[in-house]
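For ligands, and for the atoms within them, numbers begin at 1 and follow the listed sequence. All residue numbers refer to positions in the sequence shown, counting from 1.
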Amino acid sequence: MERVYNFSAGPGNLPLEVLEKAQKDLVNYESKGLSVMEMSHRSALYEDIQNEAKETLLDLLGVDDSYDLLFLGGGATTQFSAVPLNLMQGTGKADYLVTGSWAKKAFQEAQKYGDARLLASSEDKNFTYIPAFSKEDVRKDADYLHMCVNNTIYGTRIIPSKIPDLDLPMVADMSSNILSEYYDLSKFSLVYAGAQKNLGPAGVTLVLVKKDLLGKAHEKTPQIMDYKVHADKDSRFNTPPCFNIYMVGLVAKWLKSLGGVEEMEKINKEKARLLYDTIDSSKVFKNPVKEEDRSLTNVIFLTENPDMDKAFIDEAGKNGLISLKGHRSVGGIRASIYNAMPLEGVKKLTDFMKEFDLAHK
Ligand SMILES: Cc1ncc(COP(=O)(O)O)c(C=O)c1O
């Protein structure tokens with residue numbers, strides 16, 4: 001069966017090589033007589049798999065050993081609570097940049113635990129831009145500043161040069177753009193990302209955390225949300241999502257073999273350029289996002305007419321270009337072009353868009 005080009009925002013597509021390797025190893029991992037899914041998480045065999053995944057990821061993320069990397073369950077959403085429970089325990093204040101629905105959810109969750117304050121929001125224009133703020137606007141005594149670097153639903157991102165340098169811990173949700181382009185992660189004290197977009201299958205969340213922030217959680221923090229508990233047990237405090245971690249490790253190795261983030265960034269920029277150029281020169285499609293804030297990984301576009309959007313999505317599906325429907329809260333069309341989407345897939349999509357454009361203008 002021929003594979004389709006899958007533009008889903010998440011779970012997203014995975015590199016074919018990774019799927020084939022997993023398939024080869026599925027019932028008999030490296031001739032050990034069992035599948036990764038059946039291994040004890042305490043076995044030496046599994047421990048090697050997890051350690052290798054961790055080392056490869058830390059290398060790709062480009063951070064020094066003042067950071068730990070945790071593999072956790074519960075999705076990125078769990079981090080909306082875990083972050084304040086673990087980090088909002090100094091002055092009990094935290095500032096939040098609200099650039100989309102996920103960032104807003106994180107902000108609302110933090111309000112349960114302390115003095116979470118809105119630093120800036122772009123909700124006035126339906127999150128189509130990244131709001132400006134200056135360092136002076138951030139409370140100096142805040143325990144941290146939280147931001148969502150890429151807004152999956154609205155197709156905006158905070159470009160690397162706009163990530164500020166602050167004297168307080170910065171926390172980033174990078175679920176939909178981790179390892180897609182170079183960010184200086186040493187500016188952040190904590191980065192989290194659900195795996196299901198750019199890293200692997202759903203079910204594991206990466207938390208990159210500065211070690212000096214561990215051990216400060218609120219006393220009522222459930223053990224399962226306490227970063228120190230997980231760090232002390234090397235992400236095996238309880239049974240981790242072993243198979244998912246193995247898959248994330250395979251994706252990380254694949255990325256490394258292609259030349260790492262630097263090389264991937266070139267490909268991703270070319271994919272995004274192709275799509276945005278096609279939209280900008282089209283008569284029927286438009287992109288609502290402020291140009292400098294456009295996402296590299298989630299490209300949003302729409303026509304003037306929801307029926308025409310639907311016709312486009314349906315016809316594209318018949319041509320092997322699937323999951324192009326915009327998020328249910330905003331409608332329109334969204335092409336998620338994570339690392340595993342090859343340039344050929346984007347070329348096929350832009351060719352199809354051009355044909356549709358000619359037929360409908
Ligand atoms: C930026 C961002 N943050 C958080 C989430 C929530 O992730 P999860 O479903 O893993 O809880 C998503 C999901 O799409 C997302 O795009």
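With 3.5 Å as the limit, one finds a donor-acceptor pair spanning the side chains of Asn150 and Ser176.
Of the protein's heavy atoms, Thr77 OG1, 2.5 Å lies nearest to atom 11 (O) of ligand 1. The nearest protein atom to atom 12 (C) of ligand 1, hydrogens excluded, is given as Trp102 CE2, 3.4 Å; this is a heavy-atom distance. Annotation: atom 7 (O) of ligand 1 to nearest protein heavy atom, Ala76 CB, 3.4 Å.
Between Tyr96 and Phe107, the angle of the ring planes lies from 30° to 60°, which puts this pair in the tilted group.
Summarising the local packing, CG of Asp167 is surrounded by 12 or fewer heavy atoms from other residues, nucleotides or ligands at distances under 6.0 Å. The environment of CZ in Arg328 is sparse: at most 12 heavy-atom neighbours from other residues, nucleotides or ligands sit within 6.0 Å.
Remark: aromatic rings of Tyr246 and Tyr46 are distant, center separation not under 6.0 Å.
A salt bridge does not link Lys125 to Asp293: none of the charged side-chain nitrogens sits closer than 4.0 Å to a carboxylate oxygen.
Using a 4.0 Å cut-off to heavy atoms of Phe80, the atoms of ligand 1 that qualify are 4 (C). Those atoms of ligand 1 that come under 4.0 Å of a heavy atom in Asp173, given as number and element, are 1 (C), 2 (C), 3 (N), 4 (C).
Residue Gln196 has at least one N or O atom closer than 3.5 Å to an N or O atom of ligand 1. For ligand 1, the polar-atom distance check finds no N/O of Gly75 at less than 3.5 Å from any of the ligand's N/O atoms.
With a 4.0 Å cut-off on non-hydrogen atoms, Ser175 touches ligand 1 through its side chain and not its backbone. The side chain of Cys148, and not its backbone, has at least one atom closer than 4.0 Å to an atom of ligand 1 (non-hydrogen atoms only; side chain from C-beta on).
Residue Thr152 holds the heavy atom nearest to atom 16 (O) of ligand 1 of all those in Thr152, Thr78, Asn298, Val204.
Residue contacts with ligand 1: Lys197 is included, with a non-hydrogen atom under 4.0 Å away.
Residue Arg157 comes nearest to Pro160 through the heavy atom pair NH2-CD, 4.4 Å, listed as atom of the first residue, atom of the second, then distance.
Counting only heavy atoms from C-beta outward, the side chains of Pro288 and Ile300 approach each other to under 4.5 Å.
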